[in-house]
Amino acid sequence: MNLFNHQITPFEIYEIRVQDAENKKLLKISRKLGIGLNLEEMKAIKEYFQKKGRNPTDIELQTIGQTWSEHCFHRTFKGSIITESGEIHSLFKTYIAKATKELNPSWCISTFEDNAGIIEFNNNYAIAAKVETHNHPSAIEPFGGAATGVGGAIRDILGVWADPIVCTDVLGFGPLNYDYDKLPQGIKHPKYLFKGVVSGIGCYGNNMGIPTVNGAIIFDESYVGNVVVYCGCIGLLPKDKFVRNAKPGDIILLAGGRTGRDGIHGVTFASAELTEESEEVSRPAVQIANPIEEEKLKRAIIEVRDRKLGSGITDLGGGGLSSAIGEMAHRFSCGAHVDLEKVPLKRKGLAPWEIYVSESQERMLLLIPEKNLEQVLDVFREEDVEATPIGKLIEDKLLKIHYQNYQVAELDTSFLFNPPRIERSAKWSREISKDHSFPEPRNLSSYLLKLVSSLNIASREKVVRTYDHEVKGNTVLKPLHGESGGPNDAAVLKPLVNSWKGLVISCGINPRYGKIDPYWMAASVIDEAIRNNTAVGGRRIALLDNFVWGSPAKPDRLESLVKACKACYDFAKRFDTPFISGKDSLYNESPLGPVTPTLLVTAIGLIPDVRKAVSLDLKLPGNLIYAVGPTFAELGGSEYYRLKGFVGSSVPKVRIPQAELTMSAMVKAIDCGYLRASHDISDGGLAVAAAEMAFTSNLGMELHLKNVPRAKDVNRNDFLLFSESNSRFLVEVPRHHATEFESLTKDAPCTAIGKVTKEQRLRVYGLKDESVLDMDLGELFFAWKHGLEIEI
Amino acid sequence: MKREEIRIFILRVGGTNCDEETKRAFRDSRMDAEVGHFNQLVKEKNLLDYDALVIPGGFSHGDYVRAGAIWAKQIMAKLGKEVKTFVDEERPILGICNGFQVLIEAGLLPQFDGISNFPEAALGANIPAGYNCRWIHLTNESNGRCVFTRRIRKGSIIRIPIAHSEGRFMFSKECERKYLERLLDNDQLVFRYCQHDGKYPDGRYPSNPNGSFYDIAGICDPSGTILGLMPHPERAYYGWQLPDWTKNDKIPAFGDGRIIFESVAEYLTKKF
């Protein structure tokens with residue numbers, strides 16, 4: 001490469017002297033350029049350029065910085081970890097991907113490889129799924145951060161040629177009544193974040209015309225400083241249209257919105273802790289959303305796909321062009337030549353490196369065989385979308401970036417995609433939380449009322465109604481059920497006109513268990529995601545993992561991550577539910593401390609006929625209520641203990657093979673049509689599940705706790721009512737199916753514990769047949785319906 | 001004309017997003033429906049080759065300025081002549097949600113004195129404010145003028161979902177009473193929001209989900225061939241789309257929205 005003197009170039013570019021830089025100087029360079037690389041990495045760069053006999057340009061260092069960031073390369077998950085029980089080479093390979101590899105299901109088409117995981121739907125169609133986090137941007141600018149989070153997830157789906165058909169979102173905030181005086185400088189109030197994030201999510205999905213059908217909102221003290229925003233998207237992909245056969249000579253086409261200074265260094269920002277100065281320093285890292293641009297872009301891309309005019313595609317997300325072009329070249333084992341001045345800009349005056357790393361939204365990169373270029377440009381023109389050829393793939397495995405006829409960067413892809421492996425150590429240093437003993441309270445009704453109105457359980461209607469969950473007209477089982485808007489466990493979609501086959505979408509998340517034990521937290525949320533799916537009739541489940549953790553540079557955070565990953569392997573394997581895609585967001589630390597380790601598991605199942613899906617509302621007085629799955633004295637991290645003011649230690653476990661037998665018995669019962677209603681037992685335990693089923697239907701319930709299948713040591717009514725043991729369901733079975741149902745579930749502990757009543761009351765009798773609850777459904781419904789609303 | 005010969009053009013532009021499910025509904029009612037971009041209609045296709053025009057829901061051009069405003073101006077500027085002929089020949093036009101907003105902004109509704117150069121009514125920001133996706137009840141108020149509701153008995157209640165943030169139907173305050181009388185006199189009032197028992201909520205939320213004047217959810221032009229409504233009949237076309245279909249032992253085949261598509265099919269088969 002010809003070295004040039006920046007003084008004679010008609011634009012701004014710098015040569016950075018790394019060849020002869022000392023260690024201190026190297027770190028200073030990393031800091032000054034804002035690329036967040038550590039000494040070892042800077043030394044590797046120095047060595048590379050020493051071999052080349054020249055210094056790098058600013059754009060080259062920026063490209064390396066983006067590509068090697070935690071956000072783009074997942075260094076922690078791919079690096080080495082020294083634990084007390086030995087060294088782990090790559091958490092990802094050792095745990096997450098291992099279950100998938102060992103299960104090796106024939107229906108997994110692409111896992112952890114492309115922008116989204118791809119699984120089979122039927123003979124002709126596949127499903128693509130991706131869930132992202134957008135915590136850091138949302139903490140600075142909640143509306144823009146959340147909206148672009150949705151936009152990014154949608155582009156990931158487009159990035160495998162799939163048509164986005166449904167969005168999911170899971171949000172975590174600090175308590176909405178958090179004391180303003182306790183907020184550190186630079187941290188925004190949970191209520192402000194809540195409003196901004198919710199409207200950002202709604203705005204993007206609604207404007208794109210993609211229904212938002214599943215999600216969760218959770219509240220936790222640790223989210224005050226670290227807001228949590230997960231955005232997911234699922235797409236439909238005709239199998240024969242999944243094209244990735246680009247070769248040298250193919251044109252690199254940049255399509256969609258223009259490139260500007262918004263979103264510079266988003267990935268480095270996302271790979272660092274938030275500080276008091278984040279607002280000041282990182283505001284430009286947050287991108288600006290324009291969903292209509294993406295809607296048009298989507299139409300054009302689907303048209304290009306259907307006419308099979310492209311040879312490859314990827315989205316522009318973290319790292320902008322620098323990461324997209326590099327990854328494409330690397331994936332197709334070739335290089336790329338790019339003329340940066342061809343990139344359409346929002347305004348003049350961007351330096352080449354800014355153009356190359358900008359994360360401006362609504363942009364996609366397509367690879368087009370030259371003979372198809374004119375047709376493709378016509379497609380984009382017809383949709384009023386700008387599309388510009390900016391370069392082509394080349395044989396040599398080099399990235400050659402030109403700007404106004406000067407070559408401004410030349411990097412070997414083999415170097416770019418082989419960053420030095422990082423090595424970190426993990427060590428458990430947390431105190432083990434204790435259990436508390438207290439007498440069984442006399443008035444359990446008041447606890448149930450408090451539980452149904454608590455922030456983590458109360459109705460999400462106020463939020464869910466601001467998301468269009470009906471657009472496309474395919475939502476069969478909705479997030480809000482019927483007039484009362486009861487909480488269905490999972491959403492069911494009917495994506496194809498000519499088929500009754502359905503898609504079942506659910507999730508599991510529980511930070512409270514993460515406070516006690518990350519291993520059982522991960523196991524529990526996997527169980528929760530699967531049982532939510534199972535409750536409505538889903539099976540053949542694929543999972544997505546999304547970790548939100550503190551800084552992996554701190555050994556205790558890393559050890560807890562290791563534990564959670566281990567659970568992911570153990571339970572994905574034993575439930576026969578492979579992980580197909582995932583994403584981690586580390587460095588969630590603020591002046592208030594680290595985020596509670598939080599794993600979101602999204603489950604995607606199938607149902608052969610959507611008309612067999614089961615909702616949570618009771619159907620007919622006189623029908624029997626069964627409790628499926630045993631209850632243990634597992635109240636650690638429960639909502640009941642939270643009311644009592646402590647966390648506890650008896651976190652719910654997942655018991656295999658029991659859990660698996662329960663799930664498969666449920667699916668069989670649904671297929672046979674034995675279940676009229678079904679609801680999973682989770683936050684708030686059996687009592688909350690029963691209350692939700694009852695007030696959703698305006699029918700009452702009479703239950704007898706002494707019949708609830710349980711472990712021997714469960715001898716208190718409050719524990720039976722509020723324990724959050726996993727793998728349990730409450731179901732309604734007509735009397736004429738009782739015998740058949742019981743014989744079907746003989747391997748899973750399951751007993752009739754009561755019946756549906758016409759009278760609109762929830763009546764529960766205790767272990768000694770005494771009355772423990774006798775509550776008016778109207779009162780419960782009112783408390784549940786307005787619990788969150790009054791806080792907003 | 002046979003049903004299969006009825007040609008429906010579903011118009012879209014950047015930001016339109018309910019076109020596919022609207023097409024599905026027309027096709028299920030055995031009409032020949034196609035979706036096309038506005039650019040196609042300007043450049044290569046002729047609106048007058050079609051028997052009915054549908055402007056589906058979405059956020060045309062991002063709903064910047066006001067919902068539907070930009071697209072309405074664009075349609076009237078570039079296709080004004082064809083649209084006028086279409087209207088004069090009483091070929092039906094249906095505007096759903098964003099389509100209703102476009103028809104109002106384009107002066108095609110309510111058309112008290114022919115196509116207006118300025119909007120005679122408005123679909124303002126909801127009260128309570130914000131986007132709202134929910135199932136609501138409607139009464140059919142039409143005495144038979146509107147060709148989209150001829151198969152619905154007057155006064156009967158249908159259930160359809162809404163999803164919008166700008167759907168508050170209103171006239172300017174000073175003309176409110178006068179215009180309402182004209183709507184009633186001309187048989188232009190088609191749908192009003194109601195409670196599940198059919199009583200009018202008189203503006204009360206949530207039965208009236210957006211604070212619309214006189215609980216108005218949909219109106220037609222004086223000829224009865226142009227209908228604009230905020231609710232989405234295409235989302236209540238099939239039984240499995242209903243919010244509580246699981247209650248039934250046997251799932252109903254269709255929802256209440258279907259009758260709107262069936263009505264216009266009947267009108268077209270008889271008239272042309």
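Labels below follow one simple rule: chain letters A, B, ... track the order of the sequence lines, proteins then strands, and each chain is numbered from 1.
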Backbone of B/Glu20 reached by a side-chain donor or acceptor of A/Lys472 within 3.5 Å: no
Is A/Asp468 close to B/His164 at the side-chain level, that is, under 4.5 Å between some pair of heavy atoms? no
How close do A/Glu382 and B/Asn39 get, heavy atom to heavy atom, and via which atoms? O-ND2, 2.9 Å
Closest non-hydrogen atom pair, A/Lys478 against B/Leu242: CE-O, 3.7 Å
Is the NZ atom of A/Lys462 crowded by more than 12 outside heavy atoms at less than 6.0 Å? no
Pick one of side chain, backbone, both or neither for A/Val476, based on which atoms fall under 4.5 Å of a heavy atom in chain B. both
Minimum heavy-atom separation for B/Thr246 and A/Ser615, please, with both atom names. OG1-OG, 2.7 Å
Shortest non-hydrogen pair, A/Arg611 vs B/Trp245, comes out as O-CZ3, 3.6 Å
Counting only non-hydrogen atoms closer than 4.5 Å, does A/Ala677 touch chain B with its backbone (N, CA, C, O), its side chain (CB onward), both, or neither? neither
Counting neighbours of CZ on A/Phe782 that are heavy atoms of other residues, nucleotides or ligands and sit closer than 6.0 Å, is the number greater than 12? no
May I ask you to check whether A/Asn474 and B/Arg24 show a side-chain donor-acceptor distance below 3.5 Å? yes
Under 4.5 Å from any heavy atom of chain B, what part of A/Arg299 do you find: side chain, backbone, both or neither? side chain
Other residues, nucleotides, ligands: >12 heavy atoms within 6.0 Å of B/Lys43 NZ: yes
Out of A/Glu293, A/His469, A/Lys296, A/Arg381, which one racks up the most heavy-atom pairs below 4.5 Å with chain B? A/His469
Does any backbone or side-chain atom of A/Glu461 lie under 4.5 Å from a heavy atom of chain B? Answer side chain, backbone, both or neither. side chain
Quick one: do A/Glu470 and B/Trp135 satisfy side-chain contact (heavy atoms from CB on, under 4.5 Å)? Show the steps, please. CA-CA 10 Å; A/Glu470 302 269 9; B/Trp135 284 73; 2.7 Å; yes
Specify the closest pair of heavy atoms between B/Trp240 and A/Trp500, including all atoms of both residues, with the distance to one decimal. CD1-CZ3, 3.5 Å
Which distance, rounded to the nearest 0.5 Å, do you find between the CG of A/Asn206 and the OH of B/Tyr131? 4.5 Å
Just give me the residue among B/Arg134, B/His61, B/Gln241 that pairs up with chain A most often, heavy atom to heavy atom, under 4.5 Å. B/Arg134
Between B/Thr16, B/Asp244, B/Val13, which shows the greatest number of heavy-atom pairs under 4.5 Å with chain A? B/Thr16
Report, in residue-number order, which members of residues 62-80 of chain B are under 4.5 Å from chain A by heavy-atom distance. B/Gly62, B/Tyr64
Please output the residues of residues 483-496 of chain A in contact with chain B, using a heavy-atom cutoff of under 4.5 Å, in numerical order. A/Glu483, A/Lys494
For A/Val497 and B/Glu21, what are the C-alpha separation, side-chain angles and deciding distance, and is it a side-chain contact (heavy atoms from CB on, under 4.5 Å)? CA-CA 10 Å; A/Val497 179; B/Glu21 55 269 40; over 6 Å; no
Heavy-atom distance under 4.5 Å to chain A: side chain of B/Asp19, backbone, both or neither? side chain
Contacting region of A/Asn207 [heavy-atom separation from chain B under 4.5 Å]: both
Between A/Val471 and B/Cys18, the two heavy atoms sitting closest are CG2-SG, 4.0 Å
Between B/Glu234, B/Arg235, B/His37, B/Lys247, which has the largest tally of heavy atom pairs under 4.5 Å with chain A? B/Arg235
Given that the side chain runs from C-beta out, which part of A/Val610 has a heavy atom under 4.5 Å from chain B: side chain, backbone, both or neither? backbone
Most contacts with chain B, counted as non-hydrogen pairs under 4.5 angstrom, among A/Ile292, A/Asp617, A/Leu477: A/Ile292
Is any side-chain heavy atom of A/Glu383 closer than 4.5 Å to a side-chain heavy atom of B/Arg12? yes
Per-residue contact mode, B/Asn248 against chain A (heavy atom under 4.5 angstrom): backbone
From the list A/Gly202, A/Gly473, A/Ser199, the residue making the most non-hydrogen contacts under 4.5 Å with chain B is A/Gly473
Where the side chain of A/Arg465 meets the backbone of B/Cys133, is there a donor-acceptor pair that is under 3.5 Å apart? yes
Cut-off 4.5 Å, heavy atoms of chain A, and the answer for B/His196 is side chain
